[in-house]
Number of protein chains: 2
Amino acid sequence: MPSASHYPCEPSRQFRRHQHLARSDEPCEQIYRIDEGWACRYALLGSGRRQITALYLPGEYCEPHWLFERRSRAPVIALTNVRAALVPIDSDGSGVQVRETPKLIAAMVKLLNRQSEWIAALGRKTAVERVCAVLFDIFERLRLVGRTNGDICPMPLTQVDLADVVGLTPVHVNRVLKELRGRGILELQGKRMRLPDPVILNKFGEAKIAPG
Amino acid sequence: MPSASHYPCEPSRQFRRHQHLARSDEPCEQIYRIDEGWACRYALLGSGRRQITALYLPGEYCEPHWLFERRSRAPVIALTNVRAALVPIDSDGSGVQVRETPKLIAAMVKLLNRQSEWIAALGRKTAVERVCAVLFDIFERLRLVGRTNGDICPMPLTQVDLADVVGLTPVHVNRVLKELRGRGILELQGKRMRLPDPVILNKFGEAKIAPG
DNA sequence: CGGAAGCTTGATATAAGTCAAGATCCGTGG
DNA sequence: CCACGGATCTTGACTTATATCAAGCTTCCG
């Protein structure tokens with residue numbers, strides 16, 4: 001695995017769990033590429049409601065659209081300890097990020113598509129479907145960057161975090177997880193999860209029909 | 001109606017209500033700019049569930065991210081009769097769309113931000129809050145392009161359409177609208193709506209607290 | 001080891017969904 | 001111009017998925 005050590009000049013930063021990578025309405029000085037750990041963008045609403053609006057896993061660019069914005073629109077926080085490379089933003093277009101621009105745009109498009117999917121999930125899927133959908137999505141994204149081991153992958157999210165992703169109560173997430181465990185679709189131990197049958201899990205999560 | 005005649009060379013197309021502007025998994029040959037009427041992107045799930053994942057109003061680019069994609073990911077349909085200009089896509093970068101690229105990217109970023117907001121709404125807002133949020137958003141977007149008249153604006157969405165935007169049942173949307181009408185926050189007649197007090201409506205819809 | 005954070009479970013409450021019927025609106029063909 | 005029929009809206013009665021409240025348990029870090 002030819003990791004970050006190939007780019008010894010590339011600056012990177014560490015964040016501890018619960019530390020902010022960015023707050024709302026701050027100038028966008030650089031974009032992060034997550035090398036280790038998980039982060040998320042979120043929104044806070046009245047009476048303590050929180051919704052996670054994007055999840056950022058290792059290997060992914062965090063907030064690629066900052067390339068085109070002056071200020072952040074939402075806070076970004078570390079869900080685990082995080083190490084992230086810094087992609088500088090030069091608005092004049094002559095900076096180092098030019099090399100990265102196509103990748104950042106591709107990341108933006110992916111984000112857009114993923115968010116569209118998630119709108120459909122939050123609007124129309126049941127609790128079980130939503131939980132299956134995120135878990136499957138997480139597994140696939142980790143697999144893409146070689147972070148899975150057979151049918152096992154890291155799963156450092158707290159049930160509270162998960163609830164804020166799927167728009168449910170932590171208590172209800174707990175019950176859904178219990179049911180999935182009961183059906184043998186899911187195993188959780190420590191900060192890892194095992195998906196003995198991703199195909200079934202995906203079926204549960206997709207809830208899809210033929211394209212329109 | 002002296003509209004499109006100003007740009008006799010710019011091709012444009014008409015769609016009738018319920019006609020598809022695009023289907024899922026088709027090649028992206030051009031991007032539309034809506035000149036008249038409303039359209040939406042949507043997703044279909046099992047057992048007849050539909051979720052609208054983006055709303056496109058007059059003056060807005062429809063699916064700007066197609067600039068960077070080979071094939072559409074979701075169907076787009078006309079919610080009213082629509083007239084839309086065609087923005088051609090030349091992947092070699094020498095075509096007419098170069099002039100439009102910055103605007104398309106700006107539209108993409110806006111879409112991304114709007115979708116993030118909407119994820120928070122679907123995940124954590126109540127029915128009343130969601131309905132207020134869309135109605136206010138619609139009003140503001142129309143105001144931006146000069147399509148409002150005082151506190152009145154077009155509102156051609158059916159209650160079923162609205163339900164598919166806010167992720168609720170048509171019956172429940174009906175009840176929410178009734179309540180808002182009762183509180184004097186909203187008037188609906190024909191295909192127009194009146195928002196006597198947008199500030200109050202916005203309060204109802206925001207449900208926000210200080211940024212993190 | 002002690003204490004906080006996280007997990008689990010039961011009992012109960014509530015927002016929103018479902019089903020069903022009737023009323024109204026509206027476009028179309030006679 | 002009218003009348004018809006389908007789409008849309010409205011309302012009531014009842015159901016259900018998920019939330020809320022509360023308590024005990026477990027894990028893990030310092």
Side-chain angles (χ1 to χ4, degrees), chain A residues 16-19 38 45-51 77-81 121-135 155-182 186-193 204 207, chain B residues 16-19 38 45-51 77-81 121-135 155-182 186-193 204 207:
Chain A
R16 274 164 319 146
R17 183 155 105 106
H18 293 159
Q19 196 181 343
W38 295 21
L45 301 141
S47 16
R49 288 172 289 178
R50 181 177 82 148
Q51 176 68 39
I77 204 170
L79 292 166
T80 68
N81 291 343
L122 289 171
R124 293 303 188 198
K125 286 185 185 174
T126 66
V128 170
E129 288 168 344
R130 285 184 230 171
V131 170
C132 290
V134 231
L135 295 183
M155 175 51 203
L157 295 187
T158 241
Q159 288 182 6
V160 172
D161 294 334
L162 205 44
D164 288 338
V165 173
V166 296
L168 297 168
T169 289
V171 174
H172 199 60
V173 165
N174 183 281
R175 289 178 174 133
V176 169
L177 291 177
K178 179 185 177 180
E179 171 167 1
L180 295 178
R181 262 189 260 119
L186 175 67
E187 285 171 40
L188 284 164
Q189 55 245 295
K191 304 222 153 299
R192 334 213 109 240
M193 68 178 174
F204 274 89
Chain B
R16 276 166 317 149
R17 184 156 104 105
H18 293 161
Q19 197 183 340
W38 296 22
L45 301 138
S47 16
R49 291 172 286 178
R50 182 177 80 148
Q51 176 69 38
I77 204 171
L79 292 166
T80 68
N81 290 343
L122 289 170
R124 293 303 188 196
K125 284 185 186 175
T126 66
V128 169
E129 288 167 345
R130 284 184 231 173
V131 170
C132 290
V134 232
L135 295 183
M155 176 48 206
L157 295 187
T158 246
Q159 287 181 9
V160 172
D161 294 334
L162 206 44
D164 288 339
V165 173
V166 296
L168 297 169
T169 289
V171 174
H172 199 62
V173 165
N174 183 283
R175 291 180 172 131
V176 169
L177 292 176
K178 179 184 178 181
E179 172 168 359
L180 295 177
R181 265 190 255 116
L186 175 66
E187 284 171 41
L188 284 164
Q189 55 245 292
K191 304 221 155 299
R192 334 213 107 242
M193 69 178 173
F204 274 89

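Just the heavy atoms: all of them, side chains too, but no hydrogens, waters or symmetry mates, feed the values below. Note that this is a predicted model, so its numbers are computed, not measured.
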> Could you go step by step and tell me if R17(A) and L79(A) meet the side chain to side chain contact (heavy atoms under 4.5 Å, CB included) rule?
Replying inline: CA-CA 5 Å; R17(A) 183 155 105 106; L79(A) 292 166; 5.9 Å; no
Under 4.0 Å from OP1 or OP2 of [N]: is there any side-chain N or O of [X] that close?
X       : N       : value
R181(A) : dC7(C)  : no
T158(B) : dA7(D)  : no
K178(B) : dT11(D) : yes
Q159(A) : dT8(C)  : yes

> Which nucleotides of nucleotides 15-26 of chain D have their base under 4.0 Å from a protein heavy atom (B), which only their sugar-phosphate (S), and which neither (-), written as one string 5' to 3'?
Replying inline: ---SSBB-----
Tell me: [atom1] of [X] to [atom2] of [N], nearest whole Å?
X       : N       : atom1 : atom2 : answer
E179(B) : dC9(D)  : CD    : C1'   : 18 Å
Q189(B) : dC25(C) : CD    : P     : 13 Å
L157(B) : dA7(D)  : CG    : P     : 18 Å
N174(B) : dG22(C) : CG    : C1'   : 13 Å
R16(A)  : dC29(D) : CZ    : P     : 15 Å
L79(A)  : dA5(C)  : CG    : P     : 17 Å
R17(B)  : dG6(D)  : CZ    : P     : 16 Å
L186(B) : dC9(D)  : CG    : P     : 13 Å

>> Between the side chains of D164(A) and R124(B), is the shortest nitrogen-to-carboxylate-oxygen separation below 4.0 Å, so that they form an ion pair?
In response: yes
Where is the tightest heavy-atom contact between [X] and [Y], given as atom of each residue plus distance?
X       : Y       : result
R50(A)  : D161(A) : NH2-OD1, 3.1 Å
L122(B) : V166(B) : CD2-O, 3.4 Å
K125(B) : E129(B) : CA-OE1, 3.3 Å

> Taking the side chain as C-beta and beyond, is there a heavy-atom pair between L135(B) and V131(B) under 4.5 Å?
Replying inline: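 In contact.
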>> Any donor-acceptor pair under 3.5 Å linking the side-chain atoms of N174(B) with those of Q159(B)?
In response: yes
